[in-house]
Asker: 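Take this structure first; my questions come after.
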Amino acid sequence: MAIEDISTLPSHRAISISSLHSQLYPDAKVIDTSQPTRPITLSHVQEIKEENDQPPVYRLYRRRFTGLLGFILLGLVTGMPWVWFGPISTDTAQDFDISIDQVNWLGNIMSCVFLPVSLLIPIFCARFGIRRCSEVGVVMLLISGWVRYAGTIESLSPESAYTLLIFGQLFSAISQPIFQVLGPKYSEMWFDLKGRTTATMVIAISNPIGGAISQLLSPLVGTPRQSILVLAIISTVVVPAIFLIENAPPSPPTYSGSKASQSLYSLLCAMVGRVRRDDPAYMTPHERLDFTLNTLIFGVLAGAANALSILSAQYFEPEGYSDSIAGLFGATLLLSGVLAGVVTAPLFDRVLTHHLGITIKILVPIAAGAWLSLIWAIKPNNTGGIFAIMAIIGICSLIMLPVGLELAVEVTRNAGSSAAILWCSGNAFGIIFILAEGALRASATASPPYNMHTALVLHGVIVMVVGSSVVFVRAKQARREMDERMAQQLDSNRHVEGVPMDTLGTSSSGQSIQSIDKEENGWIQDGNKSIPLPDERDDTRAEVIGTVAR
């Protein structure tokens with residue numbers, strides 16, 4: 001086909017691809033990159049461009065909030081069994097005719113089972129998806145509640161009753177990590193940069209909130225046997241929340257949300273430098289150091305809080321505080337942190353978007369100092385001082401919970417596996433704290449009997465030493481920078497402007513036009529050939545025969 005002199009067209013006027021199609025290439029097929037395309041599920045933008053020559057579509061869906069609500073409700077309830085027996089440990093030991101150490105193992109068994117289960121969750125999720133993992137968690141939660149209640153039958157021997165209690169806690173230990181480990185992965189798959197940290201925060205703190213509620217509730221609902229029935233009923237009522245959780249959105253919200261999940265094995269290989277530079281799992285030496293320090297700090301702070309929740313009565317009752325007051329101390333730590341997290345998480349999404357590293361360098365030393373101060377604060381008639389310290393620890397530690405999880409994903413670009421390692425670290429340190437401090441409990445002849453002063457010294461020193469390593473953390477937010485860069489690039493692709501027609505260019509005689517900036521202009525396709533918009537040249541005449549410009 002031949003085209004007449006196009007110099008008669010209006011000059012210096014912006015035109016769209018569709019106008020070129022109608023005026024210059026009536027037989028050509030036009031792809032307008034400003035229009036939405038089909039939902040994109042491929043993990044790499046370059047692969048999408050090469051296969052379809054179209055940019056991916058990033059979208060948000062309102063139903064992401066219903067799934068978030070499901071995670072919150074299930075996170076609340078799965079967090080209750082872990083510390084349920086902490087404030088009532090003495091009463092439980094007397095009611096079931098078991099020792100205090102056996103009561104402590106009702107919390108320890110959850111930590112022990114948590115370790116392998118948390119590492120298996122990313123593997124299971126990559127194969128079956130978030131929804132199926134959540135269904136397994138709900139089934140385990142339901143079984144745990146009623147197996148635990150079966151142990152309250154009066155006719156059972158102490159050994160048989162304790163066995164059922166242990167099995168109930170074991171099933172709870174399978175359900176709990178599912179809704180913790182999957183939190184960062186869910187927020188990455190469903191939320192954009194303006195809501196991702198907030199989503200991670202509310203999922204992460206739902207478990208401590210459940211722990212705070214259990215510390216308040218378990219001493220108030222009657223005898224230990226009655227409280228176990230209440231826990232079983234709560235576990236049953238929350239089961240329908242599973243129907244709020246969906247697997248994945250039709251279109252991803254960000255570039256990182258469009259990528260396929262990396263395996264735990266790839267992260268472990270990257271941590272020891274066994275990954276090529278061009279591999280998506282590759283981490284620089286400083287990123288590996290950051291993740292290692294982040295794992296240690298997160299683990300120690302989470303483990304310290306877990307130990308306090310389980311040993312709360314043993315910390316405070318020898319100094320003259322009741323089990324109700326001991327429960328209030330633990331609840332103050334958790335609830336003050338929850339309030340602080342609710343206020344600060346949106347700030348990290350919209351204001352302090354690149355300041356996660358500065359945040360941990362400020363908060364970790366404060367939290368470590370507060371833990372150390374408990375050595376002198378836990379004494380008779382110091383209720384106000386202990387409440388104040390609990391509030392400081394809660395504010396600093398629970399703000400660090402989502403920040404630590406997000407920083408781990410930032411340096412690894414692997415949401416599921418990094419969260420699994422961090423939560424695994426927290427539970428491992430929790431076991432260490434509980435066993436070591438239980439062994440350091442004073443004797444019956446001490447003053448006061450069975451006090452935990454030596455245990456508190458160990459507790460505070462470990463937190464202080466590990467927390468001081470935060471000065472070496474750089475905390476570069478590599479994932480956010482990548483998402484922002486891809487979002488800016490795709491935004492520029494969608495808004496295509498024409499060029500002045502009096503500067504239309506031609507190519508050399510007999511040569512096909514092969515190149516133009518694909519990121520800023522549209523392409524006109526004729527059959528199997530591609531004809532780009534003209535470059536800015538001096539000549540103002542062009543003829544097109546087939547796909548060859550002369």
Side-chain angles (χ1 to χ4, degrees), residues 184 187 193 196-198 200-201 204-205 208 271 283-306 308 333-334 336-374 388-415 418-419 421-423 425-426 429 459-484:
S187 63
L193 296 177
R196 195 162 59 191
T197 303
T198 302
T200 299
M201 180 274 298
I205 66 174
M271 284 298 296
M283 298 169 63
T284 66
H286 213 131
E287 287 175 336
R288 297 201 294 269
L289 176 62
D290 274 4
F291 184 63
T292 301
L293 294 177
N294 191 15
T295 301
L296 288 174
I297 294 170
F298 184 96
V300 166
L301 289 178
N306 293 341
L308 176 66
L333 184 153
L334 295 172
S336 63
V338 167
L339 293 176
V342 169
V343 172
T344 57
L347 296 178
F348 290 122
D349 273 327
R350 298 176 180 271
V351 181
L352 305 174
T353 54
H354 298 88
H355 294 81
L356 298 184
I358 296 175
T359 301
I360 67 170
K361 290 184 178 182
I362 294 174
L363 295 183
V364 169
I366 296 174
W371 279 114
L372 189 66
S373 69
L374 286 178
I389 294 173
M390 291 293 107
I392 293 172
I393 293 175
I395 291 171
C396 296
S397 298
L398 265 76
I399 290 177
M400 278 299 305
L401 198 61
V403 171
L405 290 168
E406 284 293 293
L407 275 178
V409 186
E410 292 290 340
V411 298
T412 64
R413 280 81 66 190
N414 190 334
S418 62
I421 291 176
L422 259 63
W423 284 116
S425 172
F429 277 104
H459 196 113
V461 169
I462 291 177
V463 175
M464 197 70 189
V465 171
V466 175
S468 63
S469 66
V470 74
V471 298
F472 301 106
V473 175
R474 183 183 59 171
K476 181 180 179 182
Q477 295 174 236
R479 180 185 61 160
R480 174 174 282 273
E481 292 176 3
M482 178 177 61
D483 284 341
E484 290 174 345

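Sequence positions, counted from 1, serve as the residue numbers for this chain.
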Asker: Minimum heavy-atom separation for S425 to T295, with atom names?
Answerer: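 Looks like OG-O, 3.0 Å.
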Asker: Would you say S397's side chain and G394's backbone share a donor-acceptor pair under 3.5 angstrom?
Answerer: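 Judged by distance alone, no pair lies under 3.5 Å.
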Asker: For T412, enumerate each residue passing the side chain to side chain donor-acceptor pair (under 3.5 Å) test, keeping only those at least two apart in sequence or located in another chain.
Answerer: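 Partners of T412 under the side chain to side chain donor-acceptor pair (under 3.5 Å) test: none.
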Asker: Starting at CD1 of I358, measure out to CG of L363 and round the result to the nearest 0.5 Å.
Answerer: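 Output value for this atom pair is 11.5 Å.
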Asker: Do you know which two heavy atoms are closest between G426 and A302, and how far apart they sit?
Answerer: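 Between these two residues, the closest heavy atoms are CA-CB, 4.0 Å.
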Asker: Under the side-chain contact (heavy atoms from CB on, under 4.5 Å) test, which residues partner T292, sequence neighbours left out?
Answerer: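 So T292 forms a side-chain contact (heavy atoms from CB on, under 4.5 Å) with M271.
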Asker: Just verifying a value: how many Å separate L339 CG and I395 CD1, rounded to the nearest 0.5 Å?
Answerer: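 One finds 8.5 Å between CG of L339 and CD1 of I395.
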Asker: Would you indicate whether the side-chain heavy atoms of I366 and I392 approach each other to under 4.5 Å?
Answerer: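 Yes, close enough: below the 4.5 Å cut-off.
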Asker: Test of understanding: with ring-ring contact (aromatic ring centres under 6.0 Å, His included), list the residues that count as partners of F291, not counting sequence neighbours.
Answerer: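 Per chain and number, F291 pairs via ring-ring contact (aromatic ring centres under 6.0 Å, His included) with no residue.
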Asker: Return the minimal non-hydrogen interatomic distance between L401 and A204, and the atom names on each side.
Answerer: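 In this case the closest contact between L401 and A204 is CD2-O, 3.5 Å.
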Asker: Roughly how far apart are L398 CG and I393 CD1, rounded to 0.5 Å?
Answerer: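 It is 11.5 Å, given to the nearest 0.5 Å.
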Asker: Any donor-acceptor pair under 3.5 Å linking the side-chain atoms of S187 with those of T200?
Answerer: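 Note: T200 and S187 side chains meet the donor-acceptor criterion.
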Asker: How are the rings of W371 and H459 set relative to one another: parallel (under 30°), tilted (30 to 60°) or perpendicular (over 60°)?
Answerer: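 Geometry flag for H459 against W371: tilted rings.
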Asker: Once you round to the nearest 0.5 Å, how far does CG of L296 lie from CG of L422?
Answerer: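 If we round to the nearest 0.5 Å, L296:CG and L422:CG are 9.5 Å apart.
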Asker: Any side-chain heavy-atom pair from F429 and N306 closer than 4.5 angstrom?
Answerer: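 Not touching, per the 4.5 Å side-chain cut-off.
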Asker: Would you compute the distance between atom CZ of R288 and atom CG of L293 and round it to the nearest 0.5 angstrom?
Answerer: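 It is 13.0 Å, given to the nearest 0.5 Å.
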Asker: Taking all atoms of both residues into account, what is the closest heavy-atom pair of L308 and M390, and its distance?
Answerer: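 Nearest pair, atom of L308 first, then M390: CD2-SD, 3.6 Å.
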Asker: On a heavy-atom basis, which atom in V403 and which in T359 lie closest, and how many Å separate them?
Answerer: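 Nearest pair, atom of V403 first, then T359: CG2-CG2, 4.5 Å.
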Asker: Distance from I360 atom CD1 to L407 atom CG, nearest 0.5 Å?
Answerer: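 Spacing of CD1 (I360) from CG (L407) equals 5.5 Å.
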Asker: What is the minimum heavy-atom distance between S373 and A370, and which atoms define it?
Answerer: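 What the structure gives for the nearest pair is OG-O, 2.6 Å.
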